[in-house]
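Report on the following structure.
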Amino acid sequence: MSAVAHWSSYPATVDRALSFIGIEIHWAILQYVLGLPFMAFIALLLYNRSKDKAWLRFARTLAKGFVIVFAVGAATGTASEFGLVLIWPHLTEAAGRYIYFPLYAEIFAFLMEVVFIYMLWYGWNKLSPRALAAVAFLGFLGAWYSASMILSVNSYMVAPTGVLPAYKPDGTYLYSQGYPKMTVYVPNDIVPLLNITALKAGGVEILGASGNAVKVAIPAKVVQQLVREAWTGATLGESILVKGGFVNMTTVKFLASHPEVVREIATKLGVPAASLAGMNDGLQMLLNIPVKNVLDYILMTTIKKIGFMSVTFKSPVYLATLMHTIGSALTVSGFTVLAGYALRLLRMPENADPEYRRYVVKAFKFAAVFAAIVIAYQGFIAGHEMGRAVAEWNPEKFAAMEGTSEHILSLSKLLGADKIMPLIAYGSMNAKLPVYDKIPADYCKCKLAGTPPVEDCRPPIIIHYVYYTKIGLGILIGLYGLIVALIAIRNSWSFVDKLLNALRIRGELPSRTLLLLAPVAAFLAQLVSTMGWFVREVGRKPWSIYSVMTVDVAHTFNPAPLWQVVLVALFYISVGIALIYAVYKVLWVPGKPKPQ
């Protein structure tokens, strides 16, 4: 099977593609919401320090761009959220039930953004420069606060709090022992219903008592099957809990003659009394209890134990995700601003106002240095931490990223990167990378449940090529940013000037060729960001929540026809084109230089 065919073999291919288009366009816009107000804040700080009006004008331009992209970003965000609810309703229901707090807190972050963004714009001529700097600070803080809430949920989907991976860097694979596993807390009042011996034989580990619950590690394939049963309306009698012998039959025999005890248990599980009305046999009542109620009781106990306000923030990949996402936004924003002022320099008339020219040159140099700094941070710090987190907590995805398969052309082996990757990912040259071919294709399948819709549980191998293309383009952009930044600061440090002279790079500004490459670098920065998102999201398939819920369960039971999906996709694309035109008309045209 080809890499593309492998990716498309997962359920809901068309709707996954639509979600990619919608969220990607929103993310492409959102990056500027995270980056531009931060740059405007720095520009305002520079103005308050130097009183140079060029910095104030630069900050005003950034604020104007910020207002435009925020308005469109809010619209696309609303549309994306509406689409996610419709296409992935079961995922939305689970999020709203168990990990709702950051989504609720994000509302206040959005309000914070709205207040301070428009206060910055409409209060520009009414507030002092120091007050404007304070408002800009609160503006980008609101945007980052909003991102941190959303990213905590996304991080939980990538690596849930309590997940236990199935690979160790010494080359040990734990799939035969039921890994990956999820840590949950089973309430004491339903523990007597369980057959501990059968559970241990099925890979469940008893980790100890914790107050009113028992802490256990359950194989992910069992968890995802229970989730599938819960969202398809299965009862205990139809569940693997009974079919797999996980229910204690001694307890069941006792309950068969004590319907009042079953009713008490059902009440604790939140089962409506009406649903058991007319049943006098305790066993019949027990077998008719929905799996969803049992699972909900366990999950709610687990969330309370971990902390309902902090459960998503305790995802092991959260911090790296936040660092990497902010870095991506700043990088894209920096190179985009650099491209805008590079075009201004290219189109600068000979008789342009000297003050305008000085402003453009100053803004260009600032953007050049800023872009070089943030892309270095993104590559050497944030990207490194993100890679380490993926390697540890999602080894299947890491194996696909590195292309450790004998059945494909591995770019990492071709480039020799596989020899240093153990040191980068695990901090030791003696570590071993997970081999894609050694990961069981059925590691997410519960054999007790028949054959689930997912044929191959491993992440699509196509992400290997996307990932290495992303890395290659990122290096090229970084080298370009470094050269332009060195030219921008050549007058500040003599050794930089000597270095550039040795390289035969002359002048205060980059050559025309380097200036023409700035828009290309901005486009590639956005493309690299898109590829990074593709690797992150597609790489955790077939899970929508890793080790918990698969894509086919999260998906709607009533998908839209293809023509409707195409229509919505075209709408998103048209919104993106409209935004580009709006930026041109509102931001670019009014800022054209006027003759002296």
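In what follows, residues are counted from 1 in the order of the sequence shown.
Put simply, the side chain of Gln224 reaches to within 4.5 Å of the side chain of Trp543, judged on heavy atoms. Counting heavy atoms from C-beta on, the side chains of Gln31 and Gln526 come closer than 4.5 Å. Counting only heavy atoms from C-beta outward, the side chains of Ile483 and Leu514 approach each other to under 4.5 Å. Residues Ile326 and Phe38 are not in side-chain contact: their nearest non-hydrogen atoms beyond the backbone lie 4.5 Å or more apart.
Residues Glu229 and Ser239 bring a donor and an acceptor atom of their side chains to less than 3.5 Å of each other. A side-chain donor-acceptor contact under 3.5 Å links Thr336 and Tyr32. Checked by atom type, the side-chain pair Ser328/Trp27 shows no donor-acceptor distance below 3.5 Å.
Between Arg228 and Asp552, at least one side-chain nitrogen of the basic residue sits less than 4.0 Å from a carboxylate oxygen of the acidic one, meeting the salt-bridge criterion.
No donor-acceptor distance shorter than 3.5 angstrom exists from the side chain of His384 to the backbone of Gly379, with no hydrogens or angles considered. One N or O on the side chain of Thr302 and one on the backbone of Ile298 form a donor-acceptor pair closer than 3.5 Å. The closest donor-acceptor contact from the side chain of Lys305 to the backbone of Tyr185 lies at 3.5 Å or more, if one exists at all. Side-chain atoms of Ser333 never come within 3.5 Å of backbone atoms of Leu330 as a donor-acceptor pair (strictly under, hydrogens ignored). Proximity of a side-chain donor or acceptor of Thr161 to a complementary backbone N or O of Val311 within less than 3.5 Å is detected.
Residue Pro395 comes nearest to Ala166 through the heavy atom pair CG-N, 4.3 Å, listed as atom of the first residue, atom of the second, then distance. Of all heavy-atom pairs spanning Tyr156 and Ile545, the tightest one is O-CG2, 4.1 Å. Of all heavy-atom pairs spanning Ala105 and Met149, the tightest one is CB-SD, 3.7 Å.
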All N/O donor-acceptor pairs, side-chain side in residues 469-478, below 3.5 Å, sequence neighbours left out:
| residue | atom | partner | partner atom | Å |
| --- | --- | --- | --- | --- |
| Thr469 | OG1 | Tyr465 | O | 2.7 |

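Taking Ala198 as the reference, Asn195, Phe246 meet the side-chain contact (heavy atoms from CB on, under 4.5 Å) condition, with sequence neighbours excluded.
Between Phe534 and Phe20, the two ring planes are perpendicular [angle over 60°; tilted spans 30° to 60°].
Screening residues 411-427 for side-chain hydrogen bond (donor to acceptor under 3.5 Å, both in side chains) gives Glu406-Lys413, Ser410-Ser412 as the qualifying pairs, with residues at least two apart or on separate chains.
Considering Glu396, Lys397, Arg540 in turn, Glu396 is the only one that fulfils the side-chain hydrogen bond (donor to acceptor under 3.5 Å, both in side chains) rule with Tyr546.
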